[in-house]
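These numbers were taken from a predicted model, which means no experiment stands behind them.
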Amino acid sequence: MYGNKKDVLQRASAHLFRLLDRGLLLAIAASIVLFILWPIAAVLLKRFVVDGQITLRLFQEVLPDNFQYLGNSIFVALLSTILTLLVALCIALYENYSTGRFRNLVMPLLLLTMISPPFVSSLAYITLFGRRGFITNTLLGLSSNPYGWHGIVIMQALGEISLTALLLIGVLRGIDGKLLQASRDLGASTSETLRRIVLPLLLPGIGAAGFIAFVKSLADFGTPIVIGGNFSVLATEAYLMVISRGDIGKAAVISIMILVPALIGWIFYRRTESQGVFSNMAGIKIKDGEPELQLGKGMKSLLAAITWFFFALMLVQFLTILLTAVTRYSPGGYIFTGEYLKAMNPDKWSSILRSVWYAFQAGVIASLVGVLLAYYIERRGIWGGRVLEWMANLPYIIPGTLFGIGYILAFHTEPLELTGTAMIVVINCIFRQITVAAKAGSAVLANISPDIENAAKDLGTPPVFILKDIIFPLLKPAVLVSFVNTFTATMMTIGSIIFIISPNAKVATVELFGLLNQGFYGEAAVFAVVLTLLTMAGNLLFAWALHNKEKEKDAAYVPYP
C-alpha cells in the first residue's frame, strides 16, 4: 500500500514537472508572438486595411513627398556603414594579429567606448566644431557650419565602430590558426594570407556587422535632428510626424518605407551569414601568446595608427563632454562652473534612476528568456523552433521607429492597454534585445557536451531541474553577455521608446535629447556623464555578482530529491 502511494506521488510529481516545462515553453512562445510579431503586424494591417478593405491611400499621400528623404537615408546609411566597417576591420586585425603589450588594451577600450549615450558624439562635435566651437572658433577663429550629411556620417560611424570591431574580433577568433600557419608554410606572404584566407572567412562577420550598422543608421533620427541641419532623413520625418503633428498613420507609412532598405540589407546579410556571428562576443577573452599570423612592419604600423587614432578621438569626445559639463564660455574664455550640475532638479534625477531600474529589469528578463529560448531550440529541438528564432530576430531587422510605433498601435486599447505605463517600455526593451541573448546562449551551448544532460535524463531528472541545476550554471557567460548588452542598450536607447514613453515618466535619454534640442548643452553633458558612469557601474557590479556569489558546482548531475 505504501509503495503504491509512493509510485502515485512520483508519477504525479513527474506529470506536474512536465506541465511546468511545457507551460514555460508556451509562455516564451506566446510572449514572442505577442510582443514582437503582433506590433509589426499591427503596423502593416492598420496601414493597408481600413474599414475591412485593403487600401493604399496613405501610401499615395506620403510616398511622393518622402522619396528624397528615402534617398538621403540610404545615402548616409551606406557611407556610415562603409566607414564603420573599414575602421573596425583595421582595429580587429590589429587586435588579433599584432604583438606587444598595448594590444591587450584594445578589448577593454572597445568595451568601454561601447558605453556611450546617444547623441554624445553629436554634442562633442558641436562643442568642438560648431560656430562657437572650441577648435573652429576659439583656436582657429573660424565660423564654419558643421551641420549637414557629412556630420551625420562621421558621428554615426563613431558610434558603431566599437560594436562592429568586437563582432569582427569574435569571428577572427573562430578562424583555425592551422590554416594561417599552413598558408605561411607554403610560402604565402602575410598580405596574401589575409587576402585569400582571412578576408573570405571574415565575410560572414562583415555582412552581419555591416547589416547592424546599416539598420541602426536608417533608424537614427536623433543625430540628423541635432547636426543634420537642412539635411533630413526618413527616420527624422517619422519622428516629427508623431511628435509635432500627432499623425501616427503617416508616421507608420514612413517607417514602412525605412523597412524596405532594411529588408534589402537583411537579404544581403543572409547571403553571407554564418552560424553564431551575432553571438561571437559570448566567448571573447583577451588573447594571450603569439598570434597565428605575424603582420609586416608597415601593415602593423598602419593598423596601429588607425586603431589608436580612433581611441584618441573617443578620448577627446569623452573629455569634451566632461569639460562641457563643468565649464561655461564667457567673453574672456572658458571658466569652471557648477551651475549645470545645480540645474539637475529632482525630476531629472528621477529620470536617471528610472532608466537604471528599467534597464535592470530588461537585462535580467531578456537574459533569462533569451537563454531559455536558445535551450529549447538548440537542445530540445522543439517543433517550430526555427520560426520562433526568426521572430525573435525581427526586432534587429526592423528599424526602432517602426517597432515603437507598432507598440502604440498594438497596445493602446483593451484587452492589453499598456500605453503610458512603465511596463510597455521595459517590454519593448526586452524584446528589442532578446535575439542577442538567444544567440549568446546558442554560442555557449555549442561548447557544452549534451552527454551531461543525457545522463541526467537517464537518471530520471525532470527537465525543469535539468534547466535549474545543469543548464543555467553552465550558461552564466551567456547570461552575463546578454545582461550587459540589454542593460547598456536600455540605458542608451531612444529610437523605439520615445513614442511610448509617458510625458510624466521620461527616461534619461529622452531628457538628454530634449536638452540638446533646446540648446542646453551644459545640462545635456551632465546627463551624458552620469549615464555613462552609471551604465559602467551597473555592468561591473553585475559581472562581479555573477562570478563571485559562490564557487561553481561540479557539472555532474545533482540528485533530484
Side-chain angles (χ1 to χ4, degrees), residues 39 115-120 122-123 219-226 235-236 238-246 248 251 321 324-325 340-363 365 399-409 411-412 417-433 486-535 537-538:
I115 305 173
S116 176
F119 327 122
V120 161
S122 302
L123 176 56
D220 180 16
F221 62 87
T223 304
I225 285 179
V226 174
T236 301
Y239 166 78
L240 294 175
M241 198 68 71
V242 175
I243 301 300
S244 302
R245 303 164 202 171
I248 296 178
I321 300 303
T324 304
Y340 303 132
L341 188 58
K342 293 177 183 177
M344 297 284 290
N345 56 46
D347 287 340
K348 289 184 170 58
W349 284 110
S350 296
S351 298
I352 292 174
L353 295 177
R354 193 176 296 117
S355 290
V356 175
W357 176 232
Y358 288 175
F360 177 78
Q361 293 179 80
I365 298 172
T401 48
L402 189 147
F403 202 53
I405 291 172
Y407 268 60
I408 297 176
L409 296 173
F411 304 118
H412 75 288
E417 187 176 356
L418 299 175
T419 305
T421 66
M423 185 181 294
I424 193 174
V425 180
V426 176
I427 290 173
N428 183 280
C429 294
I430 290 169
F431 289 93
R432 181 77 172 154
Q433 300 296 327
T486 306
F487 182 85
T488 303
T490 305
M491 286 290 290
M492 306 304 177
T493 191
I494 188 171
S496 62
I497 67 167
I498 195 166
F499 303 121
I500 59 177
I501 202 79
S502 174
N504 59 352
K506 293 181 180 179
V507 293
T509 49
V510 175
E511 291 276 12
L512 172 59
F513 182 62
L515 290 170
L516 277 175
N517 266 343
Q518 298 168 41
F520 299 138
Y521 298 141
E523 290 88 343
V526 173
F527 253 97
V529 171
V530 173
L531 265 177
T532 302
L533 293 177
L534 284 177
T535 305

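The side-chain contact (heavy atoms from CB on, under 4.5 Å) search around Thr486 returns Ala362, Ala366, Gln433, Thr490, not counting sequence neighbours. Here Thr421 pairs with Leu418, Met423, Ile424 under the side-chain contact (heavy atoms from CB on, under 4.5 Å) rule; sequence neighbours left out. Applying the side chain to side chain donor-acceptor pair (under 3.5 Å) test to Glu511 and every residue at least two apart in sequence or in another chain returns Ser351. Qualifying side-chain contact (heavy atoms from CB on, under 4.5 Å) partners for Ile365, counting only residues two or more places apart in sequence or in other chains: Val369, Ile430. Remark: Tyr239 engages Phe221, Phe513 in a ring pair (Phe, Tyr, Trp, His ring centres under 6.0 Å) (not counting sequence neighbours). With sequence neighbours excluded, no residue forms a ring pair (Phe, Tyr, Trp, His ring centres under 6.0 Å) with Tyr358.
Nearest heavy atoms, Thr509 versus Thr493: OG1-O, 2.7 Å. Closest heavy-atom contact between Ala325 and Ala525: N-CB, 3.6 Å. Shown here for Thr419 and Tyr407, the closest heavy-atom pair between the two residues is OG1-O, 4.4 Å.
To the nearest 0.5 angstrom, Asp220 atom CG is 7.5 Å from Thr236 atom OG1. For the atom pair Asn428 CG and Phe431 CZ, the distance stands at 10.0 Å (nearest 0.5 Å). Note that CD1 of Ile500 is 9.5 Å distant from CZ of Phe411, once rounded to the nearest 0.5 Å.
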What do the steps show when you test Met492 against Thr535 for side chain to side chain contact (heavy atoms under 4.5 Å, CB included), and what is the final call? CA-CA 9 Å; Met492 306 304 177; Thr535 305; 3.2 Å; yes
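Here the side chains of Leu515 and Lys348 are in contact, with some heavy-atom distance below 4.5 Å. In this structure the side chain of Cys429 reaches within 4.5 angstrom of the side chain of Ile497, judged on heavy atoms. In this structure, the side chains of Met491 and Leu534 come closer than 4.5 Å at one or more pairs of heavy atoms.
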